[in-house]
Engineer: 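Before I ask anything, let me first share the structure, which is written out below as structure tokens.
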Protein chains: 2
Amino acid sequence: MGKNRSVPTLNDVAKAAGVSTATVSRCLNSPDQVIEATRQRVMQAVESLGYTPNFAARVMAAKRSYTIGAIIPTMDNAIFARGLQEFQDQLRESGYTLLVSSSAYDPEVEWEQIRALVARGADGLLLIGYARDAEIYSYLERHQVPSLVAWSYDPEAHRPSVGFDNLNAMGKLAQAVISAGHQRIAMISGQTLGNDRAQSRVDGVRQTMAESGLDANSLTLIETDYEIEKGAEAFQQLMSLTPRPTVVMCGNDVLAAGALREAGRLGIKVPEQVSVTGFDDIELAEIVSPALTTVHVPHREMGRKAARELTAMVEGNSDGRSICINTRLVNRCSLARPPRQP
Amino acid sequence: MGKNRSVPTLNDVAKAAGVSTATVSRCLNSPDQVIEATRQRVMQAVESLGYTPNFAARVMAAKRSYTIGAIIPTMDNAIFARGLQEFQDQLRESGYTLLVSSSAYDPEVEWEQIRALVARGADGLLLIGYARDAEIYSYLERHQVPSLVAWSYDPEAHRPSVGFDNLNAMGKLAQAVISAGHQRIAMISGQTLGNDRAQSRVDGVRQTMAESGLDANSLTLIETDYEIEKGAEAFQQLMSLTPRPTVVMCGNDVLAAGALREAGRLGIKVPEQVSVTGFDDIELAEIVSPALTTVHVPHREMGRKAARELTAMVEGNSDGRSICINTRLVNRCSLARPPRQP
DNA sequence: AATCTATTTGTAAGCGCTTACATTGATAAT
DNA sequence: ATTATCAATGTAAGCGCTTACAAATAGATT
């Protein structure tokens, strides 16, 4: 009641309960080491003082934070949302808190965020894609913070990751495109610089073209940011080419949605005049019209498995395995045979 | 070199540079208190040891973290993404780091996240909407953590907020709906329990109906989660009613997108047979077809202003003002006059 | 030359918690 | 009864940093 109005500490609780701070700490962290009667007294004191442990102090003393950090390139569209939500839910079940920050696709910012999270005592980190300065990985190693790569899976990379094979997934889609009869293929990709996922998707298309006897160099490629608006702009450029490509493969559904919007605006019929494909199968893909033919990525499954793997690493139960998540083609309406040659 | 492989501390740096820890600390935090020569020596030591300050220790000693926390209801769709991105960018400019967590629209989880963020030393908190247990606010007060409400603005609530007037905004849209001639109005709302934004939007419609001489009780209301799928389900229910509503006003664009998708599936023409409206004007609104008539919320402006206000509060330059952001109607294609009575 | 002032640096006391180790008391084994 | 064993609790040493205060040094002022 008439007590000091400032935030109560462990010490205050100890005094109120007539025990030592050690006992209070034990009540909170390993209750079975404390006898029932004492525990009740302590908990009552905790309750009545409205005590909440100070995290900074706890982290410092215990060198453990039960916090996992994730740095994603952007929150601005739904690409990472679903997977991350599942990641968080799974972590919560295991008693971890997830802290997220976004790097806006800027490596400098990402560096900064990583330091911030590590300095804050994150027990582990989720990173998107492999491509980043080696210095970052050695920094993490020095600080003994386990990290897991997600959204990418590359058997060659000897670094734990839970993701999917971007190259093959896009390759399969390209296969479908080519078997539909397309030869003049264009692609709107995200920036490939520092983005292995984007790069692999481009490579996937090229590789499949080559395997199908097409000239991989004939791929018309535009790189741009992953934004609807940018997808629209790129599509417009592509449509002004002669001869026009008969299909526009997009690096993800967001770009494809932009392309589709622009097609509507230009009065170009999809898929009758031009086919368009996406990647990710986020909700958007089903909503646009025509609905997108795209690659389905089981984001939730990825999030769940990533959470399991990362907690295992943090708790010393795993050195970091890699898990490949299977993607699959989703045939909807935006891909068809090319129009008859005029 | 042959040094100890563990993480370097302030002390290590001090020794390496031949100064006291205080001097090193000053180099890092208020460089102008240290003479040039010393500073260089210290910075060199910092560099060569690869030193990064331990945040927990710093927070504990300084009682200041330069961290702002935000708890949003969901990351699963784009409603909060744009505003939050701008919020973060603005904070970064002022030297703050943003940590985000999502509550999945669950008050318990929100409570937990708030505690987590406060315990982690967040200097201030951004919360979405007013509606939450009074206990939370008093907890924040006791811990002296300034908090700012966003996405809502209610002159009656005497609590700092940067947001928009949900009631009026939706009221204006209802006005447009009614002047187009609609009388059988249905609404698909988000859950109103514990969500003042959703509640206000419903109230806005009802109030305007009453003012326009319609019976506010005649509003057919379905409450559901803010998901595309749910919007679709609700729309289907609504369409099986007799007489059918002539317009379906949705609590946000996500629900509206679901409604539109379902309309397509059912072969119901929008807006010829039924009109549909949204709220938020996220990118989705422009992409669906027909493009949504909706309420435009300047999310970036809100994010920016919220960041400014919250940092001012944290730095003691403001006791927390409230700022009202103006919304505006966006007329696109999904709202038209009701069909002639059959 | 003596004194004062301002600037730069050092000393050391915490910040609130965890945990290794010491202590206590009770029960079991001899 | 004596000793060994064990569970419950207490004692106190940090964890890595900031900052009030003290000390030292160098000019400026008289």
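Chain identifiers are assigned alphabetically (A, B, ...) following the order of the sequence lines, protein sequences preceding nucleic acid strands; residue numbering begins at 1 within each chain.
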Engineer: Under a 4.0 Å threshold between the charged nitrogen and the carboxylate oxygen, would B/Lys305 count as salt-bridged to B/Glu309?
Structural biologist: no
Engineer: Taking atom OG of A/Ser161 and atom CG of A/Asp154, what is their separation to the nearest 0.5 Å?
Structural biologist: 7.5 Å
Engineer: Can you tell me the distance, in whole Å, between the CE atom of B/Met60 and the C1' atom of C/dC17?
Structural biologist: 6 Å
Engineer: Nearest to the A/Ala22 side chain among D/dG16, D/dA12, D/dA20, which nucleotide is it?
Structural biologist: D/dA12
Engineer: Determine the contact category for A/Ala62: base if any of its heavy atoms lies under 4.0 Å from a base atom, sugar-phosphate if only primed atoms, P, OP1 or OP2 are that close, otherwise nothing.
Structural biologist: sugar-phosphate
Engineer: What's the closest nucleotide to the A/Thr21 side chain, out of D/dA12, C/dC17, D/dT18?
Structural biologist: D/dA12
Engineer: Give one of base, sugar-phosphate or nothing for B/Val59, where a contact means two heavy atoms less than 4.0 Å apart.
Structural biologist: nothing
Engineer: Relative to each other, are the rings of B/Tyr105 and B/Tyr226 parallel, tilted or perpendicular (30° and 60° limits)?
Structural biologist: tilted
Engineer: Measure from the side-chain heavy atoms of B/Ile35 and tell me the nearest of C/dT8, D/dG16, C/dC17.
Structural biologist: C/dT8
Engineer: Does a side-chain N or O of B/Ser20 approach OP1 or OP2 of C/dG10 to a distance below 4.0 Å, or not?
Structural biologist: yes
Engineer: Rounding to an integer number of Å, can you tell me how far B/Phe55 CZ sits from D/dT18 C1'?
Structural biologist: 13 Å
Engineer: Please report the distance, rounded to the nearest Å, between CG in B/Leu49 and P in D/dG16.
Structural biologist: 14 Å
Engineer: Is the phosphate of D/dT9, meaning OP1 or OP2, less than 4.0 Å from a side-chain N or O of A/Thr23?
Structural biologist: no
Engineer: For B/Val34 and for A/Ser25, find the nucleotide of DNA chain C with the closest heavy atom, then tell me which residue's nucleotide is more 5'.
Structural biologist: B/Val34
Engineer: Return the value, rounded to whole Å, for the distance between atom CD of B/Gln40 and atom P of C/dT9.
Structural biologist: 13 Å
Engineer: When you match B/Gly18 and A/Asn11 each to their closest nucleotide on DNA chain C, which lands nearer the 5' end?
Structural biologist: B/Gly18
Engineer: Base, sugar-phosphate, or nothing for B/Leu10, non-hydrogen atoms under 4.0 angstrom?
Structural biologist: base
Engineer: Which nucleotide in the set C/dT18, D/dG16, C/dT19 lies at the smallest distance from any side-chain heavy atom of B/Ala57?
Structural biologist: D/dG16
Engineer: Of A/Thr38 and B/Ala56, whose closest DNA chain D nucleotide lies nearer the 5' terminus?
Structural biologist: A/Thr38
Engineer: Starting at CG of B/Asn29 and ending at P of C/dT8, how long is that distance when rounded to a whole Å?
Structural biologist: 17 Å
Engineer: Take atom CZ of B/Arg58 and atom C1' of D/dC15, then tell me their distance rounded to the nearest Å.
Structural biologist: 16 Å
Engineer: Looking at the side chain of A/Lys63, which of C/dC17, D/dA8, D/dC15 is the nearest nucleotide?
Structural biologist: D/dC15
Engineer: What integer distance in Å separates B/Arg41:CZ from C/dT8:P?
Structural biologist: 14 Å
Engineer: Distance check needed: D/dA20 P versus B/Arg26 CZ, whole Å only.
Structural biologist: 10 Å
Engineer: Run A/Arg82 and A/Glu86 through salt bridge (Lys or Arg N to Asp or Glu O under 4.0 Å) and show every step you take.
Structural biologist: CA-CA 6 Å; A/Arg82 215 185 320 166; A/Glu86 187 72 23; over 6 Å; no
Engineer: Looking at A/Glu36 and A/Arg39, is any side-chain nitrogen of the basic one under 4.0 Å from a carboxylate oxygen of the acidic one?
Structural biologist: yes
Engineer: If you apply the rule side chain to side chain donor-acceptor pair (under 3.5 Å), what do you find for A/Arg159 with A/Tyr130, and how did you get there?
Structural biologist: CA-CA 8 Å; A/Arg159 186 172 295 291; A/Tyr130 295 99; over 6 Å; no
